[in-house]
Each structure stands twice: as C-alpha cells, then as structure tokens.
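Bear in mind the structure is a predicted one, so any value in this text is a computation, not a measurement.
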Amino acid sequence: MIPITGGRVNGPGLGGVILPGGADLQTIRPDGVTLLQARYTIRFADGQTAGVINTGVRRASSDVVRRLTAGEVVDPALCYFRATPVFEVGPGPHGWLTESVFLSLGERLPDRVRLKVFRVD
C-alpha cells in the first residue's frame, strides 16, 4: 500500500487538488505484472469534491522494472500502464464525470505518478 499524499488536477474546464489520505493498493504478481487500485479524493477549484477509484495494470520488462525501482526516469513507452478511473461526485457542475467511461494512461516518475485521463466517447 502506497499513501497518496497530494497532487494536482489540470484539464479543460477542470482544475483542483488531490487531497492527502488516499492510497494506491498494489498486487505484484510473480510474472512482474502489477495490479493497481488507487482510491483518492479530488477537491475541485469550486470546492466540490469527488472520490476516485482507479483500477488498472502496469507491466514492463524486468530491466525496466529494475530501473523504475532504482528511481531512474524511464521512457513511458517502455511500460504499459493503463487504468479506468471511476468518479463518485454529487449533482452539480462535475456530475458529468459520473456519466462516461474514462481511461487513464500512467507514467511512473521517480517522485510521483502522472496520469493522463481521457473520456471514452
């Protein structure tokens, strides 16, 4: 279990912060594939909050995993890191987040994880 201590959310018509207190639960299989489930909360710029459950998979060659573990910056193309975030938010300006399916492309950096989130049309 890896604590989620904060972060930022930036995108078209969307901005806010990731609140401390979330967690990234990881199951690392013997074949090196990592199953992920992250749970955290976003506070948008307007003060509304949304819970996020982001479930996914990360896999890479043993050499790339070794380099990531050592804290090296690795080309994200060398690591498959995909997840499907689900947003829990009440009615209001961010309610649209509960009405679509989203896909996130992840990038593990030495000191953080960067997610690019896309709405699937």
Original post:
Nearest heavy-atom pair of A50 and F44: which atoms, and what distance?
Top reply: CB-CE1, 3.6 Å

Original post:
G71 and P110: which non-hydrogen atoms are nearest, and at how many Å?
Top reply: O-CG, 3.1 Å

Original post:
Side chains of R39 and V52: closer than 4.5 Å at any heavy-atom pair?
Top reply: no

Original post:
Checking side-chain contact (heavy atoms from CB on, under 4.5 Å) for the pair V17/V9: CA distance, chi angles, key distance, verdict?
Top reply: CA-CA 6 Å; V17 296; V9 175; over 6 Å; no

Original post:
Rounded to the nearest 0.5 Å, how far does CZ of R59 lie from CZ of R29?
Top reply: 9.5 Å

**OP:** Kindly give the heavy-atom pair with the smallest separation between A83 and P85, and that separation in Å.
**Re:** O-CD, 3.6 Å

Original post:
Atom CG of L103 and atom OG1 of T84: how far apart are they, to the nearest 0.5 Å?
Top reply: 7.5 Å

**OP:** Find out if a path of hydrophobic residues (ILVMFWY) with successive side-chain heavy-atom gaps under 4.5 Å connects L14 to F87.
**Re:** yes

Subject >> Closest non-hydrogen atom pair between S104 and L115, with its separation >> reply: OG-CD2, 4.3 Å

Original post:
Are any non-hydrogen side-chain atoms of L36 and T55 less than 4.5 angstrom apart?
Top reply: no

**OP:** Answer with yes or no whether the hydrophobic clustering places F102 together with V120; edges join I, L, V, M, F, W, Y residues whose side-chain heavy atoms lie under 4.5 Å apart.
**Re:** no

Original post:
Do the side chains of R67 and L78 get nearer than 4.5 Å, heavy atoms only?
Top reply: yes

Original post:
Below 4.5 Å, heavy atoms only, C-beta onward: do D46 and H94 meet side chain to side chain?
Top reply: yes

**OP:** Hey, could you give me the OG1/CD1 distance between T5 and I18, rounded to the nearest 0.5 Å?
**Re:** 9.5 Å

Original post:
Quick one: does T41's side chain get under 4.5 Å of R43's, heavy atoms only?
Top reply: no

Original post:
Going only through I, L, V, M, F, W and Y residues with side-chain contacts under 4.5 Å, is there a path from L19 to L97?
Top reply: no

Original post:
Is there a path from V73 to V64 through hydrophobic residues (I, L, V, M, F, W, Y) whose side chains come within less than 4.5 Å of each other?
Top reply: no

**OP:** Have a look at E107 and tell me which of R82, R114, K116 forms a salt bridge (Lys or Arg N to Asp or Glu O under 4.0 Å) with it.
**Re:** R114

**OP:** Looking only at non-hydrogen atoms, find the nearest pair between R108 and T69 and report the distance.
**Re:** NH2-CA, 4.3 Å

Original post:
OG1/T49 to CD/E88 distance, rounded to the nearest 0.5 angstrom?
Top reply: 10.5 Å

**OP:** Indicate if L105 and V101 have the same hydrophobic cluster label, given that clusters are the connected sets of ILVMFWY residues with side-chain heavy-atom separations under 4.5 angstrom.
**Re:** yes

Original post:
What's the shortest heavy-atom distance between V89 and T98, and which atoms?
Top reply: CG1-CG2, 3.5 Å

Subject >> Side-chain donor or acceptor of Q48 paired with backbone N/O of G95 under 3.5 Å >> reply: no

